[in-house]
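The next block holds one structure in the form of structure tokens; read it before the comments.
Each chain gets a letter, A, B and so on, in the order the sequences are listed, and its residues count up from 1. Only this structure's heavy atoms are used, side chains among them; waters, hydrogens and symmetry mates stay out.
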Amino acid sequence: MFDIDRWREIFQSISKNKLRSVMSGFTVAFAILLFTLLFGIVSGLSNSFKDAFADDAQNSMFVRVWKTTKPYKGLQTGRRIQLKNNDFDYVKDEYDGKIELLTARVNRNVNISYKNNQDNYSLRAVHPDHQFLEKTIIDEGRYINQRDLKEKAKVIVIGRLVKEDLFGEKPALWKRVNVNGISYQIIGIFSDEGGDNEERMTYMPITTAQMIYGNNDEINSINIGYNPDLSLDEAIAFGNKLERDLRKKLNIHPDDQSALRVQNMAEANKGVGSFMLALYFIVIFIGSGTLVAGIIGISNIMIFVIKERTKEFGIRKALGAQPSSIVGMVVQESVLITTIAGYLGLSLGTYILSQIGDSLEDYFITNPSVSPGIVIGATVVLILSGLIAGYVPAKRAAKIKPIVALRAD
Amino acid sequence: MIEIKKLHKSYPIGKDSLHVLKGIDLHIKEGEFVSIMGSSGSGKSTLLNIVGLLDEHDEGEYYLNGQLIKNLNEKKAAILRNKFLGFVFQSFNLISYKTALENVALPLYYKGIPRKERLKTAMEYLDKVGLKDWANHLPNELSGGQKQRVAIARALVTKPKVVLADEPTGALDSTTTDNVMDLLRDINNDGMTVFVITHEEEVAAQTKRIVRLKDGIIISDELTSKSKAV
């Protein structure tokens, strides 16, 4: 029910008692401001965590090998472990359903030259799936395909910065470069969000590299993209099983972490997930605490205000005001102040967050913001608290007999 | 207009109770100008609070405008006060953040009168008490006499049946006291019932009927020379 006269009474009461109104408003505005900043900053932290893992696919697993540190089945410690093609095939055949992407990797350092320009670069010899596991972005041409593997084609995919080094502004695609004395054709140029080092990388078919550099079937590591349908726990279990099976296959002590290890993004994700969850719990706890403090603050002020106005209420009642009209007036005033103040706090908070933007990225806070759900929730809490903060003492004040109220000072 | 029979009122004080009104019988007809005299503690303010529906009596009967007052809740009391009664207090009781005009208009707000009409009527009554030029001043910009005149205008604005004045001159000097009493007499001459509480003989002498109260009972009830003169 809209009652223009009621609103006039309220605006008059607010504007003629500025200090009181500003004081009660300030408590709420400040509480909401803190609440907004807190939530915003945590969302910024969470954004940073998400970005930190953006380089590689979220579902990747790496099989890496070093030297044994535990004797096993009569084999000595210090034995160098070497992955081979049959290990790759074993993984491929054994875990077919659980794997979405699979590639082996051979790492080399190579010298690449084009005309008078030449430099040393890292080379990764891989399967086609590597493109998706590393999130390689093809700018020109194409990535390595099955046919390259089969033909052991002398083709190479070079990073954006390699192209800049060797070709400058000139086109590089389909040109031939000299890699350690052998001529390769550039079939693609890529970029990578992982940074400059990734863009100084080169890729070629793993079969080509195995034939030319050593003529063997050795591989340095196996990268797996597990089936995204797996839950985090299932993915972790898969990683653990893979680790056990490979150690068994390669005659490594089951607990020898230093000889063979499966690095599983699922575990990292789970760690980050539970860390963020814990952080959110803390923030919700502190945030609600701030809100509650704000609510208690405004309740206290309302009690004081109503005490101060007891005589005024007595006068109003003597002049014919019904108790409900007094309660209504106080509650409406309190809700109005909390809503406006809350809205100001919220706006200031979101404004500060938008000003922060990406400037705190060094402190691990990226693009902090609050979600509309939280904003709406906080506003509803505010209005309700204004309602309660006004209603309880007003109800009590309205019950006081007019003569008692008139006697009050 | 006001009919009171065997009215009793006591206030609890700790375990005991203080018997303030001990069987009051009083009949006030429409158009009377009555003063209740008595020293402090005689029960005169209590009587006014009960008559003014600001407090409840314990025993006896009270008829206001022919209506039996019994077990009123706050809401009904508020409606009756607004309809039948106008109050003038010793300490004026104006709302400090409202102008003279707004103070006078306030009872009309609770009567549900539209704003324009409210302010127009309020201005008429301010004019009646000679404060038209002070309409937009706040109470603390007015003298004591002016404040009381604003309060009287506020009491009259709803055209009540009875004006109840509790020591209306208690905070005023003798000149302004005379002004206020003249004003109340004018109101009475227009036909309004006026009910004044005072402990000043000079003030009581200006009314038409004096009821003397002592220790909760009426000790005398007589008409004054003023009433005979009319």
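At least one side-chain heavy atom of Arg8(A) sits less than 4.5 Å from a side-chain heavy atom of Arg115(B). Lys18(A) has its side chain out of reach of Ser21(A): every pair of non-hydrogen atoms, C-beta onward, lies at least 4.5 Å apart. No side-chain heavy atom of Val34(B) sits under 4.5 Å from any side-chain heavy atom of Val194(B).
Heavy-atom pairs under 4.5 Å with chain A peak, among Lys111(B), Lys98(B), Lys83(B), at Lys98(B).
For residues 90-110 of chain B, there are no ring pair (Phe, Tyr, Trp, His ring centres under 6.0 Å) pairs, not counting sequence neighbours.
Residues of residues 387-402 of chain A that come within less than 4.5 angstrom of chain B, heavy atom to heavy atom, are Lys399(A), Ile400(A), Lys401(A), Pro402(A) in numerical order. Scanning residues 56-79 of chain B against chain A with a 4.5 Å non-hydrogen threshold yields Glu56(B), Glu74(B), Lys75(B), Ala78(B), Ile79(B), sorted by number. Interface with chain A: from residues 152-169 of chain B, residues Arg154(B) qualify, criterion being any non-hydrogen pair under 4.5 Å.
In this structure, Phe285(A) has its ring center no closer than 6.0 Å to that of Phe281(A).
Heavy-atom distances place the side chain of Arg309(A), and not its backbone, under 4.5 Å from chain B.
Between the side chains of Gln12(A) and Glu102(B), a donor-acceptor pair is found at a separation under 3.5 Å.
A cation-pi arrangement is present between Lys128(B) and Tyr125(B) under the rule of less than 6.0 angstrom and at most 45 degrees off the ring axis.
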